[in-house]
**Student:** 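Handing you this structure, nothing more for now.
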There are 2 protein chains.
Amino acid sequence: MKSAMQPASPDNFSPATQALLDRAEGLCTRQGARLTQQRREILGLILDAPTPVGAYDLLEQIKSPERKPAPPTVYRALDFLLEHGLIHRIEKLSAFVACTHLLHNDHAHDCAHDHHHDDMCLHTAQFLICRSCKNVTEISTPAILDAVRATCRAEGFVIQSASVEIEGLCAACAQKRPAPAHAH
Amino acid sequence: MKSAMQPASPDNFSPATQALLDRAEGLCTRQGARLTQQRREILGLILDAPTPVGAYDLLEQIKSPERKPAPPTVYRALDFLLEHGLIHRIEKLSAFVACTHLLHNDHAHDCAHDHHHDDMCLHTAQFLICRSCKNVTEISTPAILDAVRATCRAEGFVIQSASVEIEGLCAACAQKRPAPAHAH
DNA sequence: TACACTATGTTATATTATCACATCTAGTGT
DNA sequence: ACACTAGATGTGATAATATAACATAGTGTA
């Protein structure tokens, strides 16, 4: 009677989440890395969260009567997930979200290298952050990335990573609470 | 004999910096705000720093035998300067830089509203962050901003602020220490 | 088994930022 | 000059985020 409402702690993830975790594991294996239980759990919690999660939120969530992990446990897992492109850090929020490449089942099975290889190696990502509902949407607009690349080429700047964080109101929230047309 | 080498603490700023501070004061006045001594000092230190400065660096710098300010002193000044568009926060570095609009003397005297009004109200900024020499360059590429705006329009997202932070190697450092052409 | 390598546990601490409340100061109106 | 008010600053405590350093345990391989 309660199995459906269990907290998602020690691997009580939904089948959908498990499927994503399995995909992530595949990605890691191909990179010669291991998605351990610990990392899998952290990634699962991030996947299931409706909005970006802070490191200390995760820390609380993985605590149990038997296990009282310390911050490094979480940060190490986060570092791993970041390095392997499974999650992103939203700088403005000091919080973490799953990479959409992982989430989008569209071209499911061998999506492993479906996204542009460039984009991966550049650790590039773009986010729309809603200040009202706290939802964060990862977008992949070639136009923005192209503009960034063009600028860097012009400056002779060698890009290693680029992040675009746009704060404001998402379409849904903008309707409910439209931005005041401020006079000046 | 030592006046030229004094630490830049209690308003020992160069004439050039003083000029910028005066400009900043003008900007504030027009906005009905006051650039107090304290705020002026913090802004001066940021202007004079070669690279972005952390809040606690500033805190150390404004300490003197007579004055031992606490963190809120610095953060309050920083908040003020941010709100009035005189500085930016580099999220990836948790550090602060002067806004280039303030620095560029090109069209000097009444530059107060020279930059696009839009850009100011949007709190928009773009940075090239060199991981080698730590220099940060603020760029103002219309192409990037346009691409961002176009994307948001398409999504129905209302932009309140947007930041683009690009990490890598500046032209100078890229030559000295070229990025390894990594095999895969 | 022995070894090397990776991952995890554990304690302490560093770094960045804010809260809450007291005090002071500058401008305003009388 | 006076009192009033709003903004600015001082002060002490604490919150929130992140890392260092070193010990231990697991995993794959010769």
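Each chain gets a letter, A, B and so on, in the order the sequences are listed, and its residues count up from 1. The model shown is predicted, which means the values in this text are computed figures rather than measured ones.
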**Student:** Please pick, from dT16(C), dT27(D), dA18(D), the nucleotide with the shortest atom-to-atom distance to any side-chain atom of Tyr56(A).
**Tutor:** dA18(D)
**Student:** Return the 5'-most residue of the pair Arg34(A), Asp57(B) with respect to DNA chain C, ranking by each residue's nearest nucleotide.
**Tutor:**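 Counting from the 5' end, the first nearest nucleotide belongs to Arg34(A).
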**Student:** Going by an N to O cut-off under 4.0 Å, is there a salt bridge joining Arg89(A) and Glu91(A)?
**Tutor:**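 Salt bridge between Arg89(A) and Glu91(A), a charged N being under 4.0 Å from a carboxylate O: yes.
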**Student:** Could you tell me the separation between the CZ atom of Phe80(B) and the P atom of dT18(C), rounded to a whole number of Å?
**Tutor:**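 Checked: the CZ to P distance equals 18 Å.
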**Student:** Would you compute the distance between atom CD of Glu155(B) and atom OG1 of Thr137(A) and round it to the nearest 0.5 angstrom?
**Tutor:** 7.0 Å
**Student:** Does Gln37(B) put a side-chain nitrogen or oxygen below 4.0 Å from OP1 or OP2 of dA8(D)?
**Tutor:**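 No.
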**Student:** Send over the distance from Leu93(B) CG to dA17(C) P, rounded to a whole Å.
**Tutor:**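 Distance, rounded to whole Å: 11 Å.
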**Student:** Roughly, in whole Å, what's the span from CD1 in Ile90(A) to C1' in dA18(D)?
**Tutor:** 18 Å
**Student:** Within this structure, what is the CG-to-C1' distance between Leu58(A) and dT17(D), rounded to whole angstrom?
**Tutor:** 13 Å
**Student:** In terms of the nearest nucleotide of DNA chain D, which residue is placed more toward the 5' end: Pro71(B) or Ala33(B)?
**Tutor:**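 Going by which nucleotide is closer to the 5' end, it is Ala33(B).
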**Student:** Please tell me which of Ala70(B) and Arg39(B) maps to the more 5' nucleotide of DNA chain D, matching each residue to the nucleotide holding its nearest heavy atom.
**Tutor:**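 Closest to the 5' end, via its nearest nucleotide, is Arg39(B).
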**Student:** Taking only the side-chain nitrogens and oxygens of Thr36(B), find out if one of them lies under 4.0 Å from OP1 or OP2 of dT9(D).
**Tutor:**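 So the side chain of Thr36(B) is within the cut-off, an N or O lying under 4.0 Å from OP1 or OP2 of dT9(D).
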**Student:** Quick one: Tyr75(B) OH to dT18(C) C1', roughly how many Å, whole number?
**Tutor:** 9 Å
**Student:** Got a salt bridge between Glu167(A) and Arg131(A), using NZ or NE/NH1/NH2 to carboxylate O under 4.0 Å?
**Tutor:**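 A salt bridge links Glu167(A) with Arg131(A).
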**Student:** Should Thr73(A) be listed as having a side-chain N or O under 4.0 Å from OP1 or OP2 of dG9(C)?
**Tutor:** yes
**Student:** Give a yes-or-no answer on whether the side chains of Ser161(A) and Lys92(B) include a donor-acceptor pair shorter than 3.5 Å.
**Tutor:**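 The answer is yes; a qualifying pair exists.
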**Student:** Let me know the distance between CZ of Phe96(A) and P of dA16(D), rounded to the nearest Å.
**Tutor:** 16 Å
**Student:** Taking only side-chain nitrogens and oxygens of Ser94(B), does any of them come within less than 4.0 Å of OP1 or OP2 of dT15(C)?
**Tutor:**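 It does not, given that no N or O in the side chain of Ser94(B) lies less than 4.0 Å from OP1 or OP2 of dT15(C).
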**Student:** For a quick test of reading the model: is some side-chain N or O of Arg76(B) closer than 4.0 Å to OP1 or OP2 of dA8(D)?
**Tutor:** no
**Student:** Grab the CG-C1' distance between Asp79(A) and dA20(D) for me, whole Å please.
**Tutor:** 13 Å
**Student:** What heavy-atom pair brings Arg23(A) and Leu102(A) nearest, and what distance separates the two atoms?
**Tutor:**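 Closest approach of Arg23(A) to Leu102(A): NH2-O, 2.8 Å.
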**Student:** Report which part of the nucleic acid Pro72(B) touches: base, sugar-phosphate, or nothing (heavy-atom distance under 4.0 Å, all strands).
**Tutor:** base
**Student:** Nearest whole angstrom, please: distance from the C1' of dT16(C) to the CD of Glu91(B).
**Tutor:**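 Spelled out: CD on Glu91(B) to C1' on dT16(C) is 12 Å.
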